[in-house]
Amino acid sequence: MQPQIVLLKEGTDSSQGKPQLISNINACQSIVDAVRTTLGPRGMDKLIVVKNGKATISNDGATIMKLLDVVHPAAKTLVDIAKSQDAEVGDGTTSVVLLAGEFLKHIKPYVEEGVHPRVIIRSIRKCLQLCLEKINEISIKINKSNATEFRSLLEKCAATAMSSKLISQQRVFFSKMVVDAVLLLDELLPLNMIGIKKVQGGGLEDSMLVAGVAFKKTFSYAGFEMQPKVYKNCKIALLNIELELKAERDNAEVRVDNVKEYQQIVDAEWNILYGKLQKIHESGANVVLSKLPIGDVATQFFADRDMFCAGRVPEEDLKRTLKACGGAVMSAAHDLKDSVLGKCDLFEERQIGGERFNFFRGCPNAKTCTLILRGGAEQFLEETERSLHDAIMIVRRTIKSDAVVAGGGAIEMELSKMLRDYSRTIAGKEQLLISAIAKALEIIPRQLCDNAGFDATNILNKLRQKHAQGQCWYGVDINQEDISDNYALCVWEPAIIKINALTAATEAASLILSVDETIKNQTSGDQQPQMGRGMGRPM
């Protein structure tokens, strides 16, 4: 009898072969089922409660995937592709998970029958290559020279991205706002230059876009209300200086012989503070913003000289003010010259809902803007912010890449038809595998129908007929419970969404198929630490 060789540590769990692959595919199916119903304009929302009891209501695939605490190693791949789609394009996060899951589902019978995973992966890659060629061939290039036409196209793309979100009723209002916000940025279109502030109360339609910077009033001391709240053509000093009397450091020691010396120390402190304040006043600044606290003495000093001040301004808001108004953030009061002061046409403090906001408008190099969102519940505002983030990303992508396709399952049906036709021209196992992928692509229109409560089989049959007749932009029409030419209906999406989603989904499917063994090491938490010779214990 062969002696048993122990290779792995006791308690290590290892599974391999075909059953292992099938189990990985099944795990991915259950992840897909978690987000399946959120797809499309009639998709449902998920309410996820995390450990600390915070509830999140979301329709965004990536947000749901992040909040699901997935432990299965293969299923984590799907979470990663949803995150990458969110970071790269912003929208299409549910679609990418659905596609990857559906590819695996349609390939599972072939795995069970013993087709080698490498053959399957080769076929999937071939399909991806054909799909990308087809998208590039039929996508419609944008004419950027006509500004009004280009703008209306961006609005349509933003509206399509928002049609599946909670704010779909207000998508016309928000799509204009989002396009305005993105067009205010410079060529690089940096995301962090669009600030989003949430204020509870009021209706969604009360939300507004500020071409410049707006941030919440910071913590203030006595004397703050005496300061003027509106300035025309003001100069702004941006500081990183603490303008208050500090309590003595605990480890500082000052030895004095008499009261007079002690008084000199106190006076010196006051003189240092007043010296700084005087220099700031002499620089000609009307508005003083500092990252560090501005104390009550300083507040009163500025109020007496008709200056406005705000301390403890969040760093991102300070950076955006710097970008919009120019100037520089100074860490000493000595060098305050006119060249380092920011400028804006109008500064004002206004009440919005229960909060006060500081507005900087008419900034000379305003390459930044702020969206102020209004709404009822906190969760609702958070979901609105996520929806707007997706729409902003889509508009940025559309500006950078210049091709669009029709949404509503139209492009998927066209790709499915193309793959089915191609599969009939080749022989061997690949024919079956490519037609399986073609079937899998139909999940997007099918799921759109299922989520809206339509008869999916009936609508898909009509779509297949239209696509066979060469009408490539026909997709599901949610409003009519029928099919229609989605390009004519302005349901448009940037082609980059589809390219990215298909690439990520095929990569994920290939990755899962290429794994044939999983080895789980026993976690270190299970083992008790060994007792050593500490504390004088005998061995």
Side-chain angles (χ1 to χ4, degrees), residues 29 31-48 57-65 82 85 91-102 105-106 156-172 174-175 380 383-384 386-387 390-391 394 405-417 439-467 471-493 497-498 501 505:
Q29 297 295 238
I31 285 275
V32 173
D33 290 338
V35 293
R36 190 184 287 279
T37 52
T38 65
L39 184 78
R42 298 280 185 274
M44 309 302 265
D45 295 346
K46 305 287 180 197
L47 192 151
I48 301 169
I57 299 172
S58 184
N59 185 294
D60 180 35
T63 309
I64 296 167
M65 299 297 256
Q85 178 80 1
D91 197 22
T93 46
T94 311
S95 313
V96 72
V97 176
L98 259 179
L99 284 169
E102 205 63 18
K105 179 180 166 187
H106 283 274
K156 282 161 191 158
C157 286
T160 306
M162 283 188 269
S163 63
S164 62
K165 309 289 185 203
L166 260 177
I167 52 172
S168 58
Q169 300 301 314
Q170 282 85 7
R171 64 175 182 267
V172 177
F174 277 118
S175 57
F380 187 69
E383 178 61 5
T384 306
R386 282 192 288 270
S387 309
D390 283 7
I394 288 298
V405 293
I411 186 79
E412 284 83 4
M413 284 304 290
E414 184 59 25
L415 295 175
S416 172
K417 166 190 163 279
K439 183 106 176 66
L441 281 168
E442 290 181 354
I443 183 63
I444 302 286
R446 182 181 294 278
Q447 197 62 47
L448 285 172
C449 296
D450 287 347
N451 289 353
F454 303 161
D455 178 357
T457 315
N458 183 16
I459 286 182
L460 279 175
N461 283 338
K462 287 183 183 174
L463 278 176
R464 286 192 196 107
Q465 178 206 2
K466 285 288 183 196
H467 283 268
Q471 293 173 322
C472 66
W473 295 131
Y474 264 75
V476 182
D477 184 347
I478 298 287
N479 301 322
Q480 308 294 328
E481 193 172 338
D482 199 8
I483 62 171
S484 61
D485 184 340
N486 278 351
Y487 191 78
L489 283 182
C490 300
V491 181
W492 297 348
E493 299 184 278
I497 296 187
K498 298 301 174 194

Trainee: Donor-acceptor pair, W492 side chain versus Y487 backbone, under 3.5 Å?
Mentor: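 Yes; at least one donor-acceptor contact below 3.5 Å.
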
Trainee: Over all heavy atoms of both residues, which pair between I57 and E383 is shortest? Give the atoms and the distance, please.
Mentor: O-OE1, 3.3 Å

Trainee: When you look at E493 and C157, which way does the side-chain contact (heavy atoms from CB on, under 4.5 Å) test go after all the steps?
Mentor: CA-CA 5 Å; E493 299 184 278; C157 286; over 6 Å; no

Trainee: Of the non-hydrogen atoms in A440 and E102, which two are nearest, and what is the gap between them?
Mentor: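 Minimum heavy-atom contact is O-CG, 3.5 Å.
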
Trainee: How many angstroms lie between CD1 in I64 and OG1 in T94, if you round to the nearest 0.5 Å?
Mentor: 6.0 Å

Trainee: When rounded to the nearest 0.5 angstrom, what is the spacing between NE2 in H106 and CG in L441?
Mentor: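 So the gap between those two atoms works out to 9.5 Å.
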
Trainee: Rounded to the nearest 0.5 Å, how far does OG of S58 lie from CG of L166?
Mentor: 8.0 Å

Trainee: Can you give me the closest heavy-atom contact between N486 and G408, atom names plus distance?
Mentor: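 In this case the closest contact between N486 and G408 is ND2-CA, 3.5 Å.
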
Trainee: Test: salt bridge (Lys or Arg N to Asp or Glu O under 4.0 Å). Region: residues 455-467. Which pairs qualify, not counting sequence neighbours?
Mentor: E442-R464, K462-D482

Trainee: Please set out all donor-acceptor pairs under 3.5 angstrom arising from side-chain atoms of residues 39-47, sequence neighbours excluded.
Mentor:
residue: D45; atom: OD1; partner: N59; partner atom: ND2; Å: 2.9
residue: K46; atom: NZ; partner: A34; partner atom: O; Å: 3.4
residue: K46; atom: NZ; partner: T37; partner atom: OG1; Å: 2.7

Trainee: Answer yes or no: is there a side-chain heavy-atom contact under 4.5 Å between L463 and P445?
Mentor: yes

Trainee: What are the two closest non-hydrogen atoms of A501 and V96, and how far apart are they?
Mentor: O-CG2, 3.4 Å

Trainee: Begin from the C-alpha positions of L99 and I443 and carry the test side-chain contact (heavy atoms from CB on, under 4.5 Å) through to its verdict.
Mentor: CA-CA 7 Å; L99 284 169; I443 183 63; 4.2 Å; yes

Trainee: I'd like to know if the side chain of Q85 and the backbone of D91 have a donor-acceptor N/O pair within less than 3.5 Å.
Mentor: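 Yes; at least one donor-acceptor contact below 3.5 Å.
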
Trainee: Taking atom types as modelled, find out whether S387 and D60 have a side-chain donor-acceptor pair closer than 3.5 angstrom.
Mentor: no

Trainee: Output the distance between atom CD1 (I483) and atom CE (M413), rounded to the nearest 0.5 Å.
Mentor: 9.0 Å

Trainee: Can you run down the side chain to side chain donor-acceptor pair (under 3.5 Å) pairs that involve residues 161-172, sequence neighbours left out, and say none if there aren't any?
Mentor: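 Counting only pairs at least two positions apart or across chains, the side chain to side chain donor-acceptor pair (under 3.5 Å) contacts touching residues 161-172 are K165-D390.
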
Trainee: Side chains of D33 and Q29: is there a donor and an acceptor less than 3.5 Å apart?
Mentor: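 No.
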
Trainee: Report the C-alpha distance between I394 and I497 in whole Å, list the side-chain angles of each, state the deciding distance to 0.1 Å, and finish with yes or no for side-chain contact (heavy atoms from CB on, under 4.5 Å).
Mentor: CA-CA 8 Å; I394 288 298; I497 296 187; 3.3 Å; yes

Trainee: Set out, in order, the CA-CA distance, both residues' side-chain angles and the distance that settles side-chain contact (heavy atoms from CB on, under 4.5 Å) for D485 and W473, then state yes or no.
Mentor: CA-CA 5 Å; D485 184 340; W473 295 131; 3.4 Å; yes

Trainee: Would you say H467's side chain and K417's backbone share a donor-acceptor pair under 3.5 angstrom?
Mentor: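 Answer holds: no.
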
Trainee: How far does CZ of R446 sit from CZ of F454, to the nearest 0.5 angstrom?
Mentor: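 It is 15.0 Å, given to the nearest 0.5 Å.
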
Trainee: Which atoms form the tightest heavy-atom contact between A62 and T93, and what is the distance?
Mentor: N-OG1, 3.4 Å

Trainee: Which heavy atom of A158 sits nearest to which heavy atom of A391, and what is that distance?
Mentor: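 Minimum heavy-atom separation between A158 and A391: O-CB, 4.3 Å.
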
Trainee: Just how far is it from atom CG of L415 to atom SG of C472, taken to the nearest 0.5 Å?
Mentor: 10.0 Å

